[in-house]
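Okay, structure first, notes after.
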Amino acid sequence: MEIGFFKKLINVIVTKDNERLSDKSDVELVNLYTNKGDESAFDEIVTRYSDRVYGFALRITRNANDAEEVFQEVFLTLTKKLDTFRAESKFSSWLYRVTANASYMYLRSQKKHESNISLENYYPYDEKGTLMGKIMDKDWSSRPDITIFSKEALDIIDKSINELPESYRAVFHLRDIDGLSNEEAANILEISIPAVKSRLHRARLFLRDRLSDYFHEWRR
Amino acid sequence: MFMCKDVVENIMEYIDSELDLQTLKELEKHTGDCPECMAFVNTYKRMLEITGKLKDKPFVTPEVRNRLRVLLKSKIKPV
């Protein structure tokens, strides 16, 4: 009976501590780790940001093994350099920048740096500025949700994102997958806001075309 | 005159409701009269819905997470 009581008490304490930790802000967690060496605070940072760090690294490297190398490198770097974070920017933005830098550094070290093709001249209209005969034939917008959101369609869009040139891919991932603002994406990638908007615009045009081709072929 | 090209080049601001009233009116009038542009806007919106679904996709597998945990345990010295 007594043992049961203590077990329950410990569970309550542990649960309460975990709740408190998950309720803490990023900055509070950083301070707990850097000032007090609280490893559970670091664990919470890992839990909170694993998907975003790995997902962004995977988007830049396009290879699961490479992404894992970067993923590990980023969190190892954090154990040593978390105290260099200054709360002037959002912690998430800082971490994305660390991830981008680690990804590019890794690709350079592996001599996997890709040539950056520009999509600035990518647009669906003709030289007269019209879309005549280019879109309606492949209009898939009224397809049922079960088709639109099928696993195959999601795989196609994921694969198509990876066909984007690197600088467009990173912008698209931050804006349309991770839902960051133009300002945050510009800050992370150290480019201007108009450059973010321009790359996002061309990336979306490219992906809309890819999906149109896919659904058009699928109908046949 | 507002053309298909203008619909394409203003689509982001249109989706984000950032167009000035005059441009918005012209875009909607053109789109109402131009089935190609209507199809363009509709497929563009659907494309955003699909990419939005990728947000829910978990990237890190339990194996990847576990390997990181083991690595960190071996590298972090107890304080």
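Numbered from 1 within each chain, the chains take letters A, B, ... in sequence-line order.
You'll find the side chain of A:I161 reaches within 4.5 Å of the side chain of B:L54, heavy atoms only. Side-chain contact between B:Y44 and A:L207: absent, with no pair of heavy atoms (C-beta onward) separated by less than 4.5 Å. Side-chain contact between B:K55 and A:D178 is absent, with no heavy atoms from C-beta onward closer than 4.5 Å. Side-chain contact between B:C34 and A:L131 is absent, with no heavy atoms from C-beta onward closer than 4.5 Å.
B:K45 does not touch chain A: none of its heavy atoms, backbone or side chain, sits under 4.5 Å away. Contacts between A:K197 and chain B at a heavy-atom distance below 4.5 Å involve backbone atoms as well as side-chain atoms. Of the atoms belonging to A:L211, it is side-chain heavy atoms, and not backbone ones, that fall under 4.5 Å from chain B. A:D145 touches chain B through backbone and side chain together, each having a heavy atom under 4.5 Å away. For chain B, the nearby part of A:L58 is the side chain; its heavy atoms alone come within less than 4.5 Å. Proximity to chain B (any heavy atom under 4.5 Å) is restricted, for A:F149, to the side chain, taken from C-beta onward. For chain B, the nearby parts of A:Q72 are the backbone and the side chain; heavy atoms of each come within less than 4.5 Å.
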| message | Quick one, B:L72 with A:E39, criterion side-chain contact (heavy atoms from CB on, under 4.5 Å). Give me CA distance, side-chain angles, the key distance, then yes/no. | response | CA-CA 10 Å; B:L72 291 176; A:E39 285 181 27; over 6 Å; no
| said: Could you walk me through whether B:K57 and A:D158 satisfy the salt bridge (charged side-chain N to carboxylate O under 4.0 Å, His left out) test, starting with their C-alpha distance in whole Å, then the side-chain angles of each, then the deciding distance to 0.1 Å, before giving a yes or no? | reply: CA-CA 11 Å; B:K57 182 182 165 186; A:D158 201 37; 2.9 Å; yes
| Checking side-chain contact (heavy atoms from CB on, under 4.5 Å) for the pair A:T130/B:K5: CA distance, chi angles, key distance, verdict? | CA-CA 6 Å; A:T130 80; B:K5 178 184 178 179; over 6 Å; no
| message | What verdict does the side-chain contact (heavy atoms from CB on, under 4.5 Å) test give for B:F40 and A:L205, after you've listed the backbone C-alpha separation in whole Å, the side-chain angles of each residue and the deciding distance to 0.1 Å? | response | CA-CA 10 Å; B:F40 173 77; A:L205 294 180; 3.6 Å; yes
| message | What verdict does the side-chain contact (heavy atoms from CB on, under 4.5 Å) test give for B:M47 and A:W140, after you've listed the backbone C-alpha separation in whole Å, the side-chain angles of each residue and the deciding distance to 0.1 Å? | response | CA-CA 10 Å; B:M47 182 264 302; A:W140 48 275; 4.2 Å; yes
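Here B:T51 contributes atom OG1 and A:D176 contributes atom CG; the two are 5.0 Å apart, rounded to the nearest 0.5 Å. Remark: A:S141 OG to B:M38 CE distance equals 9.5 Å, nearest 0.5 Å. In this structure, the separation between OG on A:S150 and NZ on B:K53 is 12.0 Å, given to the nearest 0.5 Å. Distance NZ/A:K134 to SG/B:C37: 12.5 Å, rounded to 0.5 Å.
Under a 3.5 Å cut-off, the side chain of A:D51 and the backbone N or O of B:V60 do form a donor-acceptor pair. Side-chain atoms of B:E36 come within 3.5 Å of backbone N or O of A:I135 as a donor-acceptor pair.
Counting all heavy atoms, side chain and backbone alike, A:Y54 lies closest to B:F59 at CE2-O, 3.4 Å. Listed here is the closest heavy atom pair of B:P35 and A:M136: CB-SD, 3.2 Å. Nearest approach of B:D16 to A:R175, heavy atoms of both residues: OD2-NH2, 4.4 Å.
Counting heavy-atom pairs closer than 4.5 Å to chain A, the top-ranked of the candidates B:V7, B:D6, B:I50, B:L48 is B:I50.
Checked by atom type, the side-chain pair B:T43/A:R208 shows a donor-acceptor distance below 3.5 Å. Checking A:Y125 against B:E9 by side-chain atom types alone, a donor-acceptor pair falls below 3.5 Å.
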